[in-house]
Amino acid sequence: MAILTGSCRFGLWHVHVAWQDDLVYRVRFARESIAGSVPEEILRYCAGRPADLASLRSVATEGDSTFAGIYRAVRAIPCGETVTYGEVARIVGTAPRAVGAAMARNPTPIVVPCHRVVAKTGMGGFSPDLAIKEILLEMERRGDVCAPEKRGINR
DNA sequence: CCAGGCTTGGAGG
DNA sequence: CCTCCAAGCCTGG
């Protein structure tokens, strides 16, 4: 089976995704949409509905490179919370600047929630547009997209 | 080897 | 409070 590509709407942006089953290869924000679908959980997330992003995997966390370790640490940040570049750095044993560089090159935003990593003094950055980061954090802070503890018993 | 990159903490005005 | 500056770590070219 080949890798699928597709996009879904997110406010003024379109989220392009390259994926296969539960493995995500690439995610990027763009102005235009493209044909094709995206993973169910990403679709739910972009629609502002509860989504279980943890059920997806990202190629970014594979391997034992420093960046992979950083991406894994970032994935561990709970929905609705934020951590500073410096804190992530301490966790994986590297420098804040390296964390910033890793976030700047994150191949799969959202799946690896780089928007939850902020500067000690403020928002920190986010490409292609800092506004996206602010919207994502606001959305999560309200709890709209944060998945219930598990699946389960009720709902 | 070298230039950056979504940082940070300290010095100085 | 604000600007400036260097230390620090990693990856791609």
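Source: prediction; values computed, not measured.
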- [ ] Measure across F126(A) and C114(A) and return the closest heavy-atom pair with its distance rounded to 0.1 Å.
- [x] CE1-SG, 3.7 Å
Task: Minimum heavy-atom distance V112(A)-S58(A), with the two atoms named - done: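 For V112(A) and S58(A), the tightest heavy-atom pair comes out as CG2-OG, 3.8 Å.
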Task: Watson-Crick or G-U counterpart of dC2(B), or none if no pair lies under 3.5 Å - done: dG12(C)
Distance, rounded to the nearest Å, where [X] contributes [atom1] and [N] contributes [atom2]:
X: I70(A); N: dC6(B); atom1: CD1; atom2: P; value: 13 Å
X: K133(A); N: dC6(B); atom1: NZ; atom2: P; value: 11 Å
X: R97(A); N: dG5(B); atom1: CZ; atom2: P; value: 8 Å
X: M103(A); N: dT8(B); atom1: CE; atom2: P; value: 12 Å
X: N106(A); N: dT11(C); atom1: CG; atom2: P; value: 14 Å
X: Y85(A); N: dG8(C); atom1: OH; atom2: C1'; value: 17 Å
X: Y71(A); N: dC6(B); atom1: OH; atom2: P; value: 11 Å
X: F67(A); N: dC6(B); atom1: CZ; atom2: P; value: 10 Å

Given [options], the nucleotide with the shortest approach to the side chain of [X]:
X: A95(A); options: dC6(B), dC10(C), dG8(C); value: dG8(C)
X: T94(A); options: dC10(C), dT7(B), dC6(B); value: dC10(C)
X: K120(A); options: dT7(B), dG9(B), dC9(C); value: dG9(B)
X: T66(A); options: dG5(B), dT7(B), dC10(C); value: dC10(C)
X: R105(A); options: dG4(B), dC10(C), dC6(B); value: dG4(B)

Open item on the list: Pairing donors with acceptors under 3.5 angstrom, does anything connect the side chains of E62(A) and Y71(A)?
Closed with: no
Identify whether any heavy atom of [X] sits under 4.0 Å from a base atom; if not, whether one sits that close to sugar-phosphate; answer base, sugar-phosphate or nothing.
X: G124(A); value: nothing
X: A119(A); value: sugar-phosphate
X: G100(A); value: sugar-phosphate

Task: Note: K120(A)-E87(A) ion pair, threshold 4.0 Å (strictly below) - done: no
- [ ] Measure from the side-chain N and O atoms of R28(A) to the backbone N and O of H16(A), and report whether any donor-acceptor pair falls under 3.5 Å.
- [x]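 Pair absent, no side-chain N/O of R28(A) close to backbone of H16(A).
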